[in-house]
Amino acid sequence: MPVDYDYFDFDGRNYVRMIGRDGDGKKVCVVDSYDANFYVILKRDADVDKVVKKIKGVEIRQASRVTKVLRTEVLNKKFLGKAVRAIRVFVTNHKDAHDVASAIGDLDGVDKRREYDIPLVTKYIKEKGVEPLGWYTVRGQRTEDRGQAIEGIDCYLADEIEPLKIKKEFVPRILAYDIETDDREIGKGEILCISVFGMSGCRGVGRRGKCGVVGSGEFKKVLTWKKCKGAPEYVEFCKDEADMIEKFIEHVNDYDADILTGYFSDGFDLPYLKAAADKNGVEFGLGVDGRGPSFTRGRIPSGKIAGIVHIDLYRFIDAVFSQYLQSETLSLNEVAKELVGEIKEDFDFSRLSDMRDLDWRDFFSYNLQDSVVTYKLMGKVWPDILEFSRIVKEPVFDVTRDRMATHVENYILHNLDRFGEIAEKRPVYNEMNERKAKGKFEGAFVFEPKPGLYENLVMFDFTSMHASIIVSFNVSKLSFSEKGGKDFYESPKFDLDGEKRKIYFEKKIGFFATLLSEIVEKRKKYKGEYNKNKNAMTKARSNAYKLLANASFGYQGFFGARYYSREAAAATLAFVRKYTHDTIDIIKKAGYTIVYSDTDSIAFLIGGKTKGDILKLLKKINKGLPGIMELDLEDFYRRGLFVLKRGGVGGAKKKYALVDNKGKIKIRGFETVRRDWCRLTRNLQSEILTKILENGNEKAALKLLKKVVEDLRKRKVGLDELMIRTQLRRPIGEYVSEGPHVVAAKKMEAQGVPVSTGMLIEYFIGEGSGKRIGDRVCLAGDKVSYDIDYYLKNQILPAVENIFEVFGVDVKSVVEGSEQKRLF
DNA sequence: GGAGTTCGCATACC
DNA sequence: ACAGGTATGCGAACTCC
């Protein structure tokens with residue numbers, strides 16, 4: 001079962017190296033040859049023989065190797081759904097495919113060159129079908145050195161690899177790690193301790209002896225070069241930092257892990273360790289080949305370790321998992337609390353300046369906890385990683401780092417051969433800029449609600465609306481046409497770059513819509529399976545297909561996509577608007593009052609009608625919907641509150657509160673759900689909304705408001721209730737406008753607190769003079785009392801004013817009233 | 001120097 | 001750079017007199 005993939009050159013040729021487990025749970029390595037290739041798409045009138053002859057003569061001389069064309073195949077293929085004549089060109093080395101392709105671009109008869117820009121491992125998996133985390137029978141020979149010595153692991157050079165139909169589940173052997181340092185900046189400070197945590201005995205064949213890996217129970221260690229009396233037995237004292245790093249390498253390599261995991265370890269722990277190793281002159285020999293991690297370039301470097309999949313859980317959670325989380329930040333603490341229910345012990349880092357034995361013991365325990373929590377988090381998220389890896393057919397290493405657009409694209413790439421399709425190329429830098437420069441196109445429709453407290457509502461919503469439209473009308477780059485006809489679907493008339501017009505899509509379904517329809521089908525099927533048999537694996541599978549379906553619309557509008565189509569994306573939205581509007585009209589005509597609608601949902605009053613009437617209406621609407629489009633009953637609601645926009649005229653969109661018939665409250669858009677408002681405001685507003693929805697009037701809510709205002713005036717409110725949290729989304733110097741959080745960040749820096757992009761900056765507004773609010777920004781430790789006036793006028797009032805306005809109650813005097821009196 | 005307006009920015013909804 | 005557009009609303013920074 002291949003888990004990790006990479007490749008190497010030997011005698012100028014490409015080999016793929018897969019490291020995984022054999023049927024006995026032993027770590028093995030399989031090397032397979034790979035014949036690099038790409039496609040040349042010919043013009044219709046091309047002289048095939050002549051082109052082939054010319055291609056065969058191409059030779060690229062590099063410093064270290066000479067790349068030649070090995071052989072060619074002339075084939076009937078498809079490109080963007082259309083039949084083409086193509087030459088498949090096999091070259092000696094994948095790295096030179098691009099150069100060979102460039103060299104033949106000008107030949108007569110050559111239309112396009114494609115697939116030279118697909119990563120080698122992706123090409124290999126696509127062409128040879130040796131997919132991640134599947135079982136295979138390998139026939140081959142034990143290898144001697146192929147330029148890639150791996151100590152202690154059997155290595156085979158494959159002659160033949162065949163898929164096996166067995167359902168033996170793979171339970172990876174996981175080791176979690178975490179480091180603590182005395183300086184956040186990589187390479188600057190010292191690593192004080194390193195913790196590792198795993199469970200032994202669950203599987204795998206570790207090398208016995210050294211650190212008692214094999215057996216049962218926990219494997220936990222905190223390595224440190226600091227001294228401390230009375231430390232628990234898991235603390236292993238080292239001579240110095242260098243010795244500690246060497247011991248860490250030894251532990252990791254001996255543990256025989258499939259996965260080494262950390263939290264933000266791509267961006268912190270691993271590069272920090274590497275830098276510390278370099279500084280200390282320690283060979284950072286992590287991994288089965290002893291070469292240590294390699295870092296690929298990118299926004300965040302990705303640390304790859306041979307034979308052990310290094311997973312930075314933060315990145316996977318950030319890219320694909322976070323949209324299902326309630327957590328307001330993706331800190332290990334918060335995410336673990338939500339997913340694992342674990343409350344991590346905290347450590348006050350200001351203690352670091354003066355550490356006694358007790359402090360060190362707390363510190364080591366804190367360090368170990370981070371590894372324990374990361375380990376547990378991995379257990380929770382692993383089913384999703386596994387499913388994504390199998391569905392998208394990309395290695396675990398990549399799947400845990402790719403964003404959704406890449407997942408969608410990889411799913412497409414790995415399924416193209418079923419359609420005989422040659423893959424489209426990736427846009428080059430210029431093309432991406434051109435795409436971005438075209439600007440936005442019109443999006444979905446949002447209904448302006450009339451402010452009020454409504455009774456008895458129902459909400460309909462379209463299931464996977466964008467995906468179902470793409471499938472139903474075959475909306476994609478390959479089916480797009482400027483002109484219509486009986487073989488074409490017609491888009492609604494819409495504004496496309498300043499011109500009102502219709503565009504068309506072939507009725508004959510292409511691979512894009514076919515693949516998406518399969519994704520939607522599978523999502524339905526696995527959702528059903530999950531409902532019958534609820535477990536982490538069925539849930540993860542159903543979830544992965546849901547995510548792919550939801551991201552596929554965004555993919556077509558994403559400037560970096562191979563199958564980008566501005567027309568397809570814009571038309572999808574035109575269809576979205578049309579069907580939402582049409583449905584609203586039908587509901588209105590049936591005698592109902594529409595209260596709200598956003599994109600794919602419609603809320604309306606039940607009025608005097610029954611539940612049966614509503615269901616009948618839903619059925620009728622569904623009968624009229626085309627293709628796989630489907631309208632669903634979202635829920636019935638006892639009450640719903642909509643408010644006025646602040647200051648301006650009209651009802652506020654994307655802001656409402658509902659209570660269903662079981663008393664469950666749903667709050668959208670209000671300050672309650674925004675993390676950049678202080679807790680006092682958020683809690684107060686949430687309670688006010690709850691009381692109003694439960695009672696149907698504002699009386700109790702008003703009483704509560706008065707009480708909180710009084711408490712605030714009397715300074716009875718704790719500072720932690722008043723802290724405002726705002727994310728620093730760019731380096732301090734890049735801000736044009738210096739908002740309060742930027743002022744706070746600068747203050748932190750001045751106090752020696754490290755500040756970095758992405759951090760949540762916490763501050764409160766204190767008393768003082770100064771024109772700007774920013775001039776009164778205070779940090780948690782500041783000995784300044786909070787500014788009552790600010791919290792009344794800028795926090796509480798704006799959050800409650802428009803709610804009470806619905807009942808004709810002006811709370812301005814309640815909130816500001818006695819302040820005025822005092823002035824007089 | 002104050003009032004009014006625009007713009008930058010963060011964060012939400014779907 | 002790493003799915004899209006729509007929307008609210010604060011506070012700073014501008015314009016204008």
Side-chain angles (χ1 to χ4, degrees), chain A residues 297-300 315 318-320 323 328 398 401-410 426-427 429 432-433 435-436 439-448 459 461-462 464-467 547-561 563-564 566 568-570 572-574 576-577 580 596-602 634 643-648 650-656 666-677 724-730 734-743 760-761 765 771-777 790 793-795 798-799 801-802:
Chain A
R297 273 173 293 139
R299 202 161 39 101
I300 305 166
R315 293 189 69 176
D318 182 37
V320 316
Q323 52 183 303
E328 282 170 12
D398 303 87
R401 288 168 176 79
D402 290 340
R403 315 278 310 188
M404 278 317 294
T406 309
H407 289 315
V408 171
E409 188 150 283
N410 283 329
R426 200 186 270 157
Y429 188 69
M432 291 200 270
N433 283 339
R435 291 172 180 186
K436 270 193 281 187
K440 291 184 171 189
F441 33 81
E442 192 184 347
F445 163 71
V446 188
F447 185 97
E448 187 189 307
M459 179 112 77
D461 66 1
F462 286 92
S464 301
M465 191 181 201
H466 299 70
L547 281 164
L548 284 174
N550 286 347
S552 59
F553 154 70
Y555 172 80
Q556 294 205 87
F558 165 52
F559 58 81
Y563 294 101
Y564 170 84
R566 188 177 169 77
T572 305
L573 290 168
V576 167
R577 289 192 297 273
T580 299
Y596 188 59
S597 165
D598 185 348
T599 311
D600 59 354
S601 69
I602 302 163
E634 203 257 341
V643 299
L644 218 52
K645 241 191 300 193
R646 187 142 209 268
K653 299 170 178 182
K654 297 184 188 287
K655 247 186 162 180
Y656 58 86
K666 185 167 157 178
I667 297 175
R668 291 289 118 100
F670 275 109
E671 283 73 5
T672 299
V673 299
R674 295 182 60 97
R675 70 172 182 191
D676 55 348
W677 286 73
I724 298 163
R725 293 169 191 81
T726 313
Q727 193 182 25
L728 195 72
R729 291 162 56 104
R730 59 187 72 170
E734 282 180 24
Y735 280 93
V736 178
S737 172
E738 194 179 55
H741 75 299
V742 181
V743 176
L760 261 199
I761 307 293
I765 303 303
K771 209 168 137 182
R772 307 182 310 173
I773 287 167
D775 298 331
R776 286 175 281 141
V777 159
Y790 167 83
K793 279 200 185 113
N794 299 43
Q795 287 277 329
E801 199 175 23
N802 46 11

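Since the structure is predicted, the reported quantities are computational estimates derived from the model, not experimental observations. So that the names make sense, note that chain A is the first sequence line, chain B the second, and so on, each numbered from 1.
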Could you go through nucleotides 12-14 of chain B and list every protein N or O atom that sits under 3.5 Å from one of its N or O atoms, giving the distance for each pair?
unit_1: B/dA12; atom_1: OP1; unit_2: A/Val673; atom_2: O; d: 3.1
unit_1: B/dA12; atom_1: OP1; unit_2: A/Arg675; atom_2: N; d: 3.1
unit_1: B/dC13; atom_1: OP1; unit_2: A/Gly669; atom_2: N; d: 3.0
unit_1: B/dC13; atom_1: O2; unit_2: A/Lys654; atom_2: NZ; d: 2.8
unit_1: B/dC14; atom_1: OP1; unit_2: A/Tyr656; atom_2: OH; d: 2.4
unit_1: B/dC14; atom_1: O3'; unit_2: A/Asp598; atom_2: O; d: 3.4
unit_1: B/dC14; atom_1: O3'; unit_2: A/Asp600; atom_2: OD1; d: 2.3

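- Note on A/Ala405: only backbone sugar-phosphate atoms sit closer than 4.0 angstrom, heavy atoms only; bases stay farther off.
- For the OP1/OP2 pair of C/dG11 and a distance below 4.0 Å, the side-chain nitrogens and oxygens of A/Asn794 include at least one atom meeting the criterion.
- Put simply, NZ on A/Lys793 is 18 Å from C1' on C/dG9, counting in whole angstrom units.
- Contact annotation: A/Tyr790 side-chain N/O to C/dG11 OP1/OP2 distance is under 4.0 Å.
- In this entry the distance linking CZ of A/Arg401 with C1' of C/dA1 reads 18 Å, nearest Å.
- For the atom pair OG1 (A/Thr726) and CD1 (A/Ile761), the distance works out to 8.5 Å, reported to the nearest 0.5 Å.
- Straight-line distance from the NE2 atom of A/His466 to the P atom of C/dT6: 11 Å, rounded to whole Å.
- Using a 4.5 Å heavy-atom cutoff, the side chains of A/Arg675 and A/Gln727 are in contact.
- With values rounded to the nearest 0.5 angstrom, A/Met404 atom CE is found 5.0 Å from A/Leu547 atom CG.
- The distance between atom CZ of A/Phe445 and atom C1' of C/dT6, rounded to the nearest whole Å, is 12 Å.
- Of the candidate nucleotides C/dA7, C/dC2, C/dG9, C/dC2 has the atom lying nearest to any side-chain atom of A/Phe558.
- The rotation axes computed at either terminus of the helix from B/dG1-C/dC17 to B/dC14-C/dG4 lie 20° apart, taking five pairs at each end and rounding to 10 degrees.
- A/Thr406 comes within contact range of no nucleotide atom at all, as no heavy-atom separation falls under 4.0 Å.
- Without hydrogens or angle criteria, A/Arg577 side chain to A/Glu442 main chain gives a donor-acceptor distance under 3.5 Å.
- As rounded to the nearest Å, B/dC7 and C/dA3 have C1' atoms that lie 27 Å from one another.
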Polar atom pairs between nucleotides 15-17 of chain C and protein, under 3.5 Å, N or O only, would you list them?
none

What's the verdict on salt bridge (Lys or Arg N to Asp or Glu O under 4.0 Å) for A/Glu634 and A/Lys666, showing C-alpha distance, side-chain angles and the deciding distance?
CA-CA 13 Å; A/Glu634 203 257 341; A/Lys666 185 167 157 178; 3.0 Å; yes
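- The shortest side-chain heavy-atom distance between A/His466 and A/Val576 falls under the 4.5 Å cut-off.
- Residue A/Gly560 is out of contact with every strand shown, counting any heavy-atom pair closer than 4.0 Å.
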Collect all protein-nucleotide pairs involving nucleotides 6-9 of chain B in which both atoms are nitrogen or oxygen and the distance is under 3.5 Å.
unit_1: B/dC9; atom_1: OP1; unit_2: A/Arg730; atom_2: NH1; d: 3.2
unit_1: B/dC9; atom_1: OP1; unit_2: A/Val736; atom_2: N; d: 3.0
unit_1: B/dC9; atom_1: OP2; unit_2: A/Arg730; atom_2: NH1; d: 3.0

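- Side chains of A/Met432 and A/Arg426 form no contact here, defined as non-hydrogen atoms less than 4.5 Å apart.
- Under the rule for a side chain to side chain contact (heavy atoms under 4.5 Å, CB included), the partners of A/Ser597 that lie at least two apart in sequence or sit in another chain are A/Phe445, A/Phe447, A/Thr580, A/Ile584, A/Ile602.
- To the nearest whole angstrom, the two P atoms, one in C/dC2 and one in B/dA10, are 15 Å apart.
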The test is side chain to side chain contact (heavy atoms under 4.5 Å, CB included); show your working for A/Arg403 and A/Asp318 and say whether it passes.
CA-CA 9 Å; A/Arg403 315 278 310 188; A/Asp318 182 37; 3.3 Å; yes
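- Salt bridge A/Asp598/A/Lys654: present, at least one basic N to carboxylate O contact under 4.0 Å.
- Within the nucleic acid shown, A/Glu442 comes within 4.0 Å of sugar-phosphate atoms alone, with no base atom in reach, counting heavy atoms only.
- C/dT6 atom P lies 8 Å from atom CZ of A/Arg577, rounded to whole Å.
- In this structure, A/Gln795 and A/Ile724 have side chains that are in contact, with non-hydrogen atoms separated by less than 4.5 Å.
- Salt-bridge check for A/Arg772 with A/Glu738: passed, with a basic side-chain N closer than 4.0 Å to an acidic carboxylate O.
- The side chain of A/Val446 approaches C/dT6 more closely than any other nucleotide in the set C/dT6, C/dC10, C/dG11.
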Carefully, step by step, assess A/Glu734 and A/Arg729 under the rule side chain to side chain contact (heavy atoms under 4.5 Å, CB included).
CA-CA 10 Å; A/Glu734 282 180 24; A/Arg729 291 162 56 104; over 6 Å; no
Which donor-acceptor pairs under 3.5 Å do side chains of residues 553-561 of chain A form with protein atoms, sequence neighbours excluded?
unit_1: A/Tyr555; atom_1: OH; unit_2: A/Glu409; atom_2: OE1; d: 2.3
unit_1: A/Tyr555; atom_1: OH; unit_2: A/Arg562; atom_2: N; d: 3.3
unit_1: A/Tyr555; atom_1: OH; unit_2: A/Tyr563; atom_2: N; d: 3.2
unit_1: A/Gln556; atom_1: NE2; unit_2: A/Val475; atom_2: O; d: 3.1

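- Under a 3.5 Å cut-off, the side chain of A/Asp402 and the backbone N or O of A/His407 do not form any donor-acceptor pair.
- The distance from atom CZ of A/Phe441 to atom P of C/dA3 is 14 Å, rounded to the nearest whole Å.
- Across the protein-nucleic acid pair, A/Leu547 atom CG and C/dA3 atom P stand 12 Å apart, rounded to whole Å.
- Computed from coordinates, the A/Arg435 CZ to C/dC2 P distance equals 15 Å when rounded to whole Å.
- Looking at heavy-atom distances under 4.0 Å, A/Lys653 makes contact with sugar-phosphate atoms alone, never a base.
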